[in-house]
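For the numbers below, each heavy atom of this structure counts, side chains included, while hydrogens, waters and symmetry mates do not.
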Amino acid sequence: MNAGWEVAVAEPAWLGEGPTWDARAGRLIWVDILSARVHTFTPATGRRTVMATEQHVGAAKPRAGGGMVVNLRDGVGCYDASGAFSWLCREPVPGRRGNDAAVAPDGSLWAGTMRYDESAGGGTLSRVAPGGTVTRILPDVTVSNGIGWSPDGRLMYYIDSPTRRVDVFDVDDQGAVRGRRPFVRITESESSASTAGFPDGLTVDADGGVWVALWDGAQVRRYAPDGSLDQVLRLPVGRPTACAFGGAALADLYVTTARGGPGGSPLGGSLLVVPGVGRGLTQPEFAG
């Protein structure tokens, strides 16, 4: 279907990413990775803020105690409610940066990394506990991207973009994952090779549907809990990067985008919204 999209924020972001609805503040948080900026937008008032970070920032998520946790080039850090910064865990690796991240139901941050040159196996996926303890989950990732949990917390979805798959794990009572297997393959049978694109960010709705933004695919797709393709939202930009439900009723799908890609749309980089398209889940805050 042609999505009833609107431009929420016109912004020429180089690499808009990681939208997250901050329910307590009633605002959307997202980042422009390569411009080292964290953006917020409050739909009820139209208020916007932009905060510069000292390093490229792959993701920013709200903290339970106020402020944000950020996935930076050299590790994971926190801004407190006053804006003061401190490192939570620091692991600088030349040529590598933080990418997408998500907060698990237990309040931990699952943070991905990737090489700037996207070399195979150069990235990781790690769990960062509220106290800063790091547990490596996946050591050989290429472009660590979308992460999300099913409504009951028993499944975790994950994307390493060049695989052109969305994978799913089982989650045990301690929050650990096992049994990785393909959930969805982005194949030519669904679309022509030139427009299928690569899976990037994802979000899970209240009914267990998985919404996936397709880089170079100009669309967001919803997959039912059984993995069947359920809905396609066609967008006016070649490079949608990630999506998240927001708004007072969590019914509006916000989509971050990047410049460039197929079609060269002047809207590339803007924050889009598709009103009333689904029913999202309240996202947990980082407990650290």
Side-chain angles (χ1 to χ4, degrees), residues 3-53 57-64 66-71 78-79 81 83 98-103 109 111 145-149 200-206 210-213 220 222 233 235-237 239-259 267-286:
W5 56 268
E6 301 172 5
V7 177
V9 176
E11 176 70 29
W14 282 109
L15 186 54
E17 266 284 6
T20 300
W21 183 251
D22 181 351
R24 188 144 50 103
R27 64 181 184 175
L28 194 85
I29 302 171
W30 79 102
V31 301
D32 183 353
I33 295 177
L34 299 181
S35 295
R37 298 287 187 272
V38 177
H39 295 259
T40 73
F41 170 61
T42 305
T45 64
R47 182 173 185 265
R48 291 185 57 196
T49 69
V50 182
M51 180 183 73
T53 56
V57 54
K61 309 295 175 183
R63 298 172 64 198
M68 301 180 193
V69 61
V70 287
N71 192 23
C78 292
Y79 289 94
N99 205 46
D100 205 358
V103 179
L109 183 75
N145 256 316
I147 311 161
W149 285 262
D200 197 329
L202 67 79
T203 193
V204 182
D205 66 27
V210 180
W211 299 73
V212 182
V220 171
R222 182 188 190 270
L233 304 180
L235 299 170
V237 295
R239 288 180 169 169
T241 57
C243 52
F245 283 96
L250 293 177
D252 305 329
L253 188 72
Y254 286 89
V255 183
T256 50
T257 70
R259 295 192 204 179
L267 292 177
S270 294
L271 176 69
L272 306 180
V273 61
V274 186
V277 75
R279 188 167 60 102
L281 293 165
T282 299
Q283 295 301 298
E285 299 171 317
F286 180 60

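Checking Val212, Asp100, Leu202 one by one against Asn145, the side chain to side chain contact (heavy atoms under 4.5 Å, CB included) holds for a single residue, Asp100. Only one option out of Thr256, Val273, Val9, Leu271 pairs with Leu28 in a side chain to side chain contact (heavy atoms under 4.5 Å, CB included); it is Leu271. Tested against Phe245 for a side chain to side chain contact (heavy atoms under 4.5 Å, CB included), the candidates Val277, Asp252, Val274, Val204 yield a single pass: Val277. With Pro240 as the partner, the side chain to side chain contact (heavy atoms under 4.5 Å, CB included) test is satisfied by one option alone out of Leu235, Asp200, Leu233: Leu235.
Across every non-hydrogen atom of Cys243 and Leu253, the tightest pair is CB-CD1, 3.9 Å. Taking every heavy atom of both residues into account, Val70 and Ala60 meet most closely at CG1-CB, 3.8 Å. Shown here for Gly4 and Pro275, the closest heavy-atom pair between the two residues is O-CD, 3.3 Å. Taking both residues in full, the closest heavy atoms of Gly247 and Tyr254 are given as N-CE1, 4.3 Å, listed atom of the first, atom of the second, then distance. Here the shortest heavy-atom pairing between Arg37 and Thr53 reads N-OG1, 4.3 Å. Here the shortest heavy-atom pairing between Lys61 and Pro19 reads NZ-O, 4.4 Å.
Looking at Asp32 and Leu15, their side chains come closer than 4.5 Å, going by heavy atoms from C-beta outward. Within the 4.5 Å cutoff, no side-chain heavy atoms of Pro62 are placed close to those of Arg24.
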Take Val7 and Leu272 through the side chain to side chain contact (heavy atoms under 4.5 Å, CB included) test and state the conclusion after the steps.
CA-CA 5 Å; Val7 177; Leu272 306 180; 4.0 Å; yes

Kindly indicate, with the supporting measurements, whether the criterion side chain to side chain contact (heavy atoms under 4.5 Å, CB included) is fulfilled by Arg222 and Val220.
CA-CA 7 Å; Arg222 182 188 190 270; Val220 171; over 6 Å; no

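Checked by atom type and distance alone, the side chain of Thr257 pairs as donor or acceptor with a backbone atom of Ser270 at under 3.5 Å. Under a 3.5 Å cut-off, the side chain of Arg27 and the backbone N or O of Ala25 do not form any donor-acceptor pair. Remark: side-chain polar atoms of Glu285 are not paired, donor with acceptor, to backbone N or O of Gln283 under 3.5 angstrom. Under the 3.5 Å distance criterion, the side-chain polar atoms of Asp205 are left unmatched by any main-chain donor or acceptor of Gly280.
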Considering only distance and modelled atom types, tabulate donor-acceptor pairs under 3.5 Å from the side chains of residues 41-52, sequence neighbours left out.
{"residue": "Thr45", "atom": "OG1", "partner": "Arg47", "partner atom": "N", "Å": "3.2"}
{"residue": "Arg48", "atom": "NH2", "partner": "Glu11", "partner atom": "OE1", "Å": "2.9"}
{"residue": "Thr49", "atom": "OG1", "partner": "Thr40", "partner atom": "OG1", "Å": "2.4"}

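Atom CG of Asn99 is separated from atom CG of Asn71 by 7.5 Å, given to the nearest 0.5 angstrom. For the atom pair CZ of Arg63 and CG of Leu109, the computed distance is 11.5 Å after rounding to the nearest 0.5 Å.
Residue pairs meeting the ring pair (Phe, Tyr, Trp, His ring centres under 6.0 Å) criterion with at least one member in residues 20-39, sequence neighbours excluded, are Trp30-His39.
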